[in-house]
Amino acid sequence: MNDSYERKKLEKFLRDVTIEIMYRRTGRKRYKIKSLLEKPAAHTLIVTGTGPGRIKQIVPITTYFQEVYGIVLQYPWLPCVVCGSRGDVVLPMEVCFVRRNQRHIGKLNDQQLADIVKLTAVIPERRKERVMDGIRQLHAVGGSENDILKAWGVDIASDMSIVPARILPPPPLMFGQSPNSSVSFRQAITPADGTWRIGRSIRLAEPAPPLVAWGVAVFGDPASFPVQTVSLFVRGIVSSCVGLGMVVSERAVSDVIVYAPTGNSPGGGRMSSETIEATLRLASERAVKATNGGWCGHTPTSADRDSDWEFAELVGGVVGNAGVGDDVGPNFGGMVGVDEFVTRNSFGFDGVTWEGEVAQLIICILAQKNTVYEQIKRIAETEIGIMTQCVIGKHVHTTKPSYSQNLALKINAKLGGVNSFVDPVHDLGGLGYANIPTIIMGADVTHPQHSAHDPSSIAAVVGTIDERFCEYRSSIRLQNSRREIITELESMTREIFELFRARNGCYPTRIIFYRDGVSEGLLKDVFSEEVAAIRRACAVLGIRGATLTFTVVNKRHHARFFPSRLDSGESDAKGNILAGTVVDSGITHPFEFDFFLNSHPGMQGTSKAAHYHVLHDENNFDADTLQEITYRLCYNFARSTRAVSVVPPAYYAHLVAARARCYTSNQSNWISMNSMNNNISINSNSNINGNISPVIDTYQISGAYQSQQYTTGRSYSTGLAANSPIDRAFSFSGSPGLASSRLSHSPHPNLSRGVQRWGSAPSSAISSGSGPQPSFGKIKQMFIR
């Protein structure tokens, strides 16, 4: 196998597979595959005669099997497998037989996942029948099992237990002001069974700063994604963004589209990191040039295509002067021109230009799912410093308004906007009413897959910094493999608190902490170590009188709830319990503070409620108040028009850790990531320090990174001073979403978020020497909330 990519792919699939050998009658016959050799069997040498009194020899493995076992290898060009606990056993592939009925521990493909969902996602009534059938088969067949249980005084009822529950009302969601100029108050939507629909007249609660510089990168065959089709799809996204209240610069997609060289994989399933980086950089360059008047409204000329030739030279592709009607080379789609003219000012974008070196957003169209997604995120966010919005290719050909609107919600959140929020004063237990600086935090630890090269676990902590609890910052660490306790929670908490202070001018004194993914057996360790770490962080920063509520959330349990009656108002159309259902008695702990909360509507299968266990509560919340806060926070998830099943701080922490895993994928214990002139490094024993943040949705760059400016006659800086308290800290702004991350070019928080409830930002956090004072001018409407 001369193709190293295919060999590594096969090696990953075969790792830890048990094999059997049949060519000998004695000795060990079962092994687990550890790896594959790079050389074929014909070029592999082994050492024989290692036993006592024997002469050591180095012979080809093909000769050894022929002389000792009389086996002539029929496939000597295949690599050998490496087995044994020490990796000292080498066997040709053709003498190995895979043991039957093994459990597959690797990652499943899309079809396998779909098959599993079909088997497991059954409606509640069918799930209930399966549970009852299992009880009868295990404990009621033959009578012997019942006799044993009765001898021990155990009796299993034939019916399920009926426990009391209540349904919490959904909170109204606050959106932006009505487009009707005569109305000055915010619009509000009250969800029904955990879902809501954004109509045409609804505007985002806080539109992101203007999307000026954006481009399109296609990682697929140009014949499958022609410019005209991509243009229609992108127009739908732009229209959805504008319909929700965003300000977007419109232009001909042909001016900013770049096709990645597909080489021998027209489906876009395989691509080198160099090719992806070159494609993203060219797309960013074209977006900036088109924004500043380089190509807007006309087909690029040969003079404009100098960067195309540099791009082709870098990735080994072929670029031609592809104009209207020209054929494009098979390896590169080029800047394909079409005969269309779109005015830049069609969305009221009068005189605004982009002075950044990179684009704000690149829409990446992927030919297939799970192909180059991780590489795109890693390169865009750690090497270039740009935000991406990935789209699966099948959606490009079937443009749906609902899909475009969902992408618009993600884009707004990634650019630093707020889609909607729950009123913190009236609907979050009064958290926003009292003059107490409050932060809501979440934490999670993700562990590597069984077959992963990188053995490190990733810990992530997030925390809110605004009074509406919609804007988060994050901190991540690599730690020892499979360790669930967050080793460096104290330093991570201090980072989040410093970011809170940079925004509000004070540290938080009320802390609500949600910890995800802890089993019941580790609750004592989490309480003794992590709660103490948060207290130490407060002590180091001099935060006196801080009160902490520490809650563990877990969905890995076996409790299932079914409505006792399928009447209207007690269950949904599929027979699931309704969103907002709370169970805090009957099956909960007899004297500890815990409850089950089903906060989400059932989409498929049987809904599973999350289990919340309060380990520490210095805020003295009663059960009703904390349950209400937890449930209503589930409506503050940015990238969905449904309440989520886990409280968003814990959800976001999981997403941050998953994104950090993208950065370490296909790497060893040590990886180096660069962005602009800011460097960070990660190894298994180090913290992550630097000026960028590996996060979900948007992240903010501080310190040495140059300030970005919008020009409207007068300019204002959107950067932060090098001596800012958030320098050398990882952060993300906006509401995190799964799809992408970016360097945030949003204005300074004091400009974009209005008056702060808990104080103003310290003077050291305001950029100095980067331009005159803020001038709102024609974009005043975007920053006054």
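Treat the numbers as computed from the prediction; the structure is a model and nothing was measured.
Considering OG1 of Thr630 and CD of Glu628, their distance stands at 10.0 Å, rounded to 0.5 Å. Taking CZ from Arg632 and CG from Asp423, the interatomic distance works out to 10.0 Å, rounded to the nearest 0.5 Å. Here the straight-line distance linking atom CG of Asp427 with atom CG of Leu633 works out to 11.0 Å at 0.5 Å rounding. We find the NZ-CD distance between Lys410 and Gln389 to be 5.5 Å, quoted to the nearest 0.5 Å.
Between His611 and Asp594, the side chains place a donor N or O and an acceptor N or O closer than 3.5 Å (distance only, hydrogens not considered). For the 3.5 Å distance criterion, the side chains of Arg544 and Thr509 fail to qualify, holding no donor opposite an acceptor. Side-chain atoms of Lys555 and Ser645 include a donor-acceptor pair closer than 3.5 Å. In the model, Glu498 has a side-chain atom that pairs as donor or acceptor with a side-chain atom of Tyr507 under 3.5 Å. Counting only N and O atoms by type, the side chains of Glu484 and His447 include a donor and acceptor under 3.5 Å apart.
Arg378 forms no cation-pi arrangement with Tyr663, by the criterion of a distance under 6.0 Å to the ring centre and an angle within 45° of the ring axis.
In this view, Glu490 and Arg494, Arg536 satisfy the salt bridge (Lys or Arg N to Asp or Glu O under 4.0 Å) rule, not counting sequence neighbours. Under the rule for a salt bridge (Lys or Arg N to Asp or Glu O under 4.0 Å), Arg560 has no partner lying at least two apart in sequence or in another chain.
Taking the six-membered ring where the residue is Trp, the centroids of Phe637 and Tyr651 are separated by under 6.0 Å. Residues Phe591 and His589 place their aromatic rings such that the two centres sit under 6.0 Å apart. Taking the ring centroids of Phe561 and Phe596, they lie under the 6.0 Å cut-off.
The side-chain heavy atoms of Ser475 and Leu499, taken from C-beta on, include no pair separated by under 4.5 Å.
With salt bridges taken as basic N to acidic carboxylate O contacts below 4.0 Å, none links Arg661 and Glu374. Contact check on Glu520 versus Arg556 returns no salt bridge, with no Lys/Arg side-chain nitrogen under 4.0 Å from an Asp/Glu carboxylate oxygen. For Asp466 and Arg473, the salt-bridge test fails: no basic side-chain N is under 4.0 Å from an acidic carboxylate O.
Nearest heavy atom pair, residue Val445 against residue Ser457, reads CG1-CB, 4.1 Å.
Within a 6.0 Å radius of NE2 in His600, other residues, nucleotides and ligands contribute more than 12 heavy atoms.
For the side-chain contact (heavy atoms from CB on, under 4.5 Å) with Tyr635, the qualifying choice from Ser420, Pro191, Ser599, Ser640 is Pro191, the only one to do so.
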